[in-house]
Amino acid sequence: MKAETFEQKVKAIVSKIPKGKVLTYGEVALKAGSPGAARAVGTLMKGNYDPTVPCHRVVLSSGAIGDYNRGGSDEKIRKLRSEGVLGKTDTRITWA
DNA sequence: TAGTTGACCGGAA
DNA sequence: ATTCCGGCCAACT
């Protein structure tokens, strides 16, 4: 076995996020095997973004968007609206 | 090895 | 409703 870093695990999980859906950092961390490591997830993202990892589909559990290494929250929101996750004027995630 | 940092989370004032 | 605080985890220096 090899000791994979969270970076590898998180990347695999985030890349598995279906289109039109978003996960929170806490959810990703939970699936990564470490519940509560939401900060660690963000830490890895900011230093390791990948074209195969739609990190723009990862948002804060509070409903906020969070930051983005590719154009700020504005670009991130814009992508989420393109996915249909956010409304045309919505800038926050809304769960049922 | 230990210390610091950070795209967070949740509760309290 | 907004703002402040502490806590959690992993990576970086």
Side-chain angles (χ1 to χ4, degrees):
Chain A
M1 282 304 281
K2 55 192 291 297
E4 321 167 85
T5 51
F6 255 3
E7 179 181 347
Q8 306 300 321
K9 300 176 190 172
V10 171
K11 276 171 63 177
I13 293 161
V14 176
S15 65
K16 284 179 176 98
I17 300 176
K19 185 170 85 104
K21 186 152 190 182
V22 289
L23 285 177
T24 67
Y25 289 96
E27 287 289 81
V28 175
L30 181 71
K31 293 169 186 291
S34 293
R39 293 185 91 164
V41 175
T43 300
L44 300 175
M45 291 309 198
K46 93 169 164 73
N48 281 311
Y49 83 95
D50 225 284
T52 59
V53 179
C55 33
H56 63 266
R57 285 189 190 153
V58 186
V59 296
L60 299 186
S61 61
S62 314
I65 303 301
D67 225 334
Y68 195 43
N69 57 359
R70 230 188 159 206
S73 1
D74 179 69
E75 193 62 58
K76 189 168 177 179
I77 291 166
R78 169 173 163 113
K79 282 171 180 276
L80 290 171
R81 288 199 299 186
S82 191
E83 295 286 324
V85 178
L86 289 177
K88 193 176 178 187
T89 56
D90 272 349
T91 55
R92 296 209 19 139
I93 308 292
T94 54
W95 277 278

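Just so we're on the same page: letters track the sequence lines, and every chain starts at 1.
Alongside Ile77(A), the hydrophobic cluster contains Val22(A), Val59(A), Ile65(A), Leu80(A), Val85(A), Leu86(A), Ile93(A), Trp95(A) (criterion: ILVMFWY side chains under 4.5 Å). Leu44(A) belongs to a hydrophobic cluster whose remaining members, ordered by chain and number, are Phe6(A), Val10(A), Ile13(A), Val14(A), Ile17(A), Leu23(A), Tyr25(A), Val28(A), Val41(A), Met45(A), Val53(A), Val58(A), Leu60(A); membership requires side-chain heavy atoms of ILVMFWY residues under 4.5 Å apart, directly or through intermediates.
Scored by the side-chain hydrogen bond (donor to acceptor under 3.5 Å, both in side chains) test, Glu7(A) finds Asn48(A) as partners (sequence neighbours excluded). Contacts of Lys11(A) classified as salt bridge (Lys or Arg N to Asp or Glu O under 4.0 Å), with partners at least two apart in sequence or in another chain: Asp50(A). Among residues two or more places apart in sequence or in another chain, the salt bridge (Lys or Arg N to Asp or Glu O under 4.0 Å) test is passed with Arg78(A) by Glu75(A). For Arg39(A), there are no salt bridge (Lys or Arg N to Asp or Glu O under 4.0 Å) partners, not counting sequence neighbours.
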Sort me out a list of protein N/O and nucleotides 10-13 of chain C N/O pairs below 3.5 Å, or just none if empty.
unit_1, atom_1, unit_2, atom_2, d
dA10(C), OP1, Ser34(A), OG, 3.4
dA11(C), OP1, Phe6(A), N, 3.3

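Using a 4.0 Å cutoff on non-hydrogen atoms, no part of residues 86-93 of chain A comes near DNA chain B. Applying a 4.0 Å cut-off to non-hydrogen atoms, the residues of residues 50-68 of chain A that approach DNA chain B are Cys55(A), Leu60(A), Ser61(A), Asp67(A), Tyr68(A), listed by residue number.
Crowding of Lys9(A) atom NZ: a count of heavy atoms from other residues, nucleotides or ligands under 6.0 Å exceeding 12.
Taking every nucleotide of DNA chain B with any atom under 4.0 Å from a non-hydrogen atom of chain A, the first and last of them, 5' to 3', are dG6(B) to dG10(B).
When all heavy atoms are compared, the tightest approach of Ala38(A) to Ala29(A) is N-CB, 3.8 Å.
Between the NE2 atom in His56(A) and the CG atom in Asn69(A) there is a gap of 11.0 Å [rounded to 0.5 Å]. In this structure, the separation between OG on Ser61(A) and CD on Glu27(A) is 9.0 Å, given to the nearest 0.5 Å. Annotation: the span from Arg57(A) atom CZ to Glu83(A) atom CD amounts to 4.0 Å, rounded to 0.5 Å.
Note on residues 84-96 of chain A: no pairs pass salt bridge (charged side-chain N to carboxylate O under 4.0 Å, His left out), not counting sequence neighbours.
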